[in-house]
Asker: 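Here it is, the structure, as structure tokens.
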Amino acid sequence: MLQKDFYQRADVVQIAKDLLGKYLITNFNGQITSGMIVETEAYAGVNDKASHAWGGRVTERTKIMYQQGGTAYVYLCYGVHSLFNIVTNQAGIPDAVLIRGILPFEGLDIMLHRKKAQKIGAGFGIGPGKVSQILGIHFSVTGTPVTILDADEAAKMPDIWVEDRGKEIPDSGIIHTPRIGVDYAGEDAALPWRFILK
DNA sequence: CGTTGGATCTTCT
DNA sequence: GAAGATCCAACGC
């Protein structure tokens, strides 16, 4: 499991790239599902117009982004989809990485059941709404940790976490493009902060 | 195959 | 009261 020092680094763009090829795992009620992360987007704090926390806005929803790195930030989009992000950097700095796509790995039958699908076709697991759906992530889990944040050795395992299973990703294997659905963000909409594993 | 619009509800103005 | 870090099925070509 990735430790909090991975998430609490200052460079959210680097973290978004580092997360490619890692495995995102959930365990809700003993139902374990996982997949390899193949698409991410970086959202960089108060200076990023595309971020919910742009300009230092703090609301009931966005206050989660100001927690320490290693916290899950999940929120409802279009009233239909839960989008899963991992908060990065130190407490007080609202950086986050949106997980946009995974390659399903474990618990395929559970994923199919959650998605009410018969079989896994092309694009299964690609898209932030679908990632949350097949992994069973609901927006109510926002604010829960994705790693051990306390020094306490008795700290319990999180329901959601990320593992490094040794896959090396060379820079040449990463495609970077502008982020999706953030046209309202002015010049920040053009930042190449969406990362895709080939 | 490209385009369109409906679903659906929290959050902020 | 309006908009949103989306998805998918239904249409039209």
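Only this structure's heavy atoms are used, side chains among them; waters, hydrogens and symmetry mates stay out. Naming: A, B, ... by sequence-line order, numbering from 1 per chain.
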Asker: Using the side-chain heavy atoms of L76(A), tell me which of these nucleotides is nearest: dC9(B), dA5(C), dT11(B).
Answerer: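 Within the option list, the nearest is dC9(B).
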Asker: Which is true for V182(A) with a 4.0 Å heavy-atom rule: it touches a base, it touches only sugar-phosphate, or it touches nothing?
Answerer: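 Here V182(A) touches the backbone only, sparing every base.
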Asker: Which heavy-atom pair separates L20(A) from I169(A) by the least distance, and what is that distance?
Answerer: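 Nearest heavy atoms, L20(A) then I169(A): O-CG1, 3.5 Å.
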Asker: Does the T147(A) side chain pair with the main chain of L2(A), one donor and one acceptor, at a distance under 3.5 Å?
Answerer: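 Confirmed, T147(A) side chain pairs with L2(A) backbone.
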Asker: Taking the six-membered ring for Trp and the single ring otherwise, decide whether the centroids of Y75(A) and H52(A) are under 6.0 Å apart.
Answerer: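 Yes, they do, as the ring centres are separated by less than 6.0 Å.
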Asker: Checking all strands, does I180(A) fall into the base, sugar-phosphate, or nothing category for heavy-atom contacts under 4.0 angstrom?
Answerer: sugar-phosphate
Asker: Return the value, rounded to whole Å, for the distance between atom CG of L83(A) and atom C1' of dC7(C).
Answerer: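 Rounded to whole Å, this separation is 11 Å.
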Asker: Find out whether the Lys NZ or Arg CZ of R179(A) is both under 6.0 angstrom from the six-membered ring centre of Y43(A) and within 45° of the ring's axis.
Answerer: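 Because its charged atom sits under 6.0 Å from the ring centre and within 45° of the axis, R179(A) does stack over Y43(A).
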Asker: Roughly how many Å is it from CD in Q133(A) to C1' in dC8(C), rounded to a whole number?
Answerer: 11 Å
Asker: Quick one: H52(A) NE2 to dT10(B) C1', roughly how many Å, whole number?
Answerer: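 Rounding to the nearest Å, NE2 of H52(A) and C1' of dT10(B) are 11 Å apart.
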Asker: Categorize R61(A) for me: base, sugar-phosphate, or nothing, with a 4.0 angstrom heavy-atom threshold over every strand shown.
Answerer: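 Answer is sugar-phosphate: R61(A) comes under 4.0 Å of backbone atoms only.
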Asker: In whole angstrom, give the distance that lies between atom CZ of F84(A) and atom C1' of dT6(C).
Answerer: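 Between C1' of dT6(C) and CZ of F84(A): 17 Å.
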Asker: Rounded to the nearest angstrom, tell me the gap between atom CZ in F139(A) and atom C1' in dG4(C).
Answerer: 14 Å
Asker: Any side-chain N or O of Y184(A) under 4.0 Å from OP1/OP2 of dG4(C)?
Answerer: no
Asker: Rounding to a whole Å, what distance do you find between R179(A):CZ and dG4(C):P?
Answerer: 16 Å
Asker: Do any side-chain nitrogens or oxygens of K115(A) fall under 4.0 Å of OP1 or OP2 in dC7(C)?
Answerer: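 Looking at the OP1 and OP2 atoms of dC7(C), neither is under 4.0 Å from any side-chain N or O of K115(A).
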Asker: Under 4.0 angstrom, heavy atoms only, what part of the nucleic acid is G129(A) near: base, sugar-phosphate, or nothing?
Answerer: sugar-phosphate
Asker: Separation of R57(A) atom CZ from dA5(C) atom C1', in whole Å?
Answerer: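 These atoms are roughly 13 Å apart.
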Asker: Does the structure place the NZ or CZ of R9(A) under 6.0 Å from the centre of the six-membered ring of Y7(A), at an angle of no more than 45° from the ring's axis?
Answerer: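 Judged by the rule, R9(A) and Y7(A) form no cation-pi pair.
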Asker: Please check the phosphate of dT6(C) (OP1 and OP2 only) for any side-chain N or O of Y78(A) closer than 4.0 Å.
Answerer: yes
Asker: Paired with dT11(B): which nucleotide, if any, by Watson-Crick or G-U wobble criteria at under 3.5 Å for both distances?
Answerer: dA2(C)
Asker: Between atom CE in M65(A) and atom P in dA5(C), what is the gap in whole Å?
Answerer: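 Rounding to the nearest Å, CE of M65(A) and P of dA5(C) are 11 Å apart.
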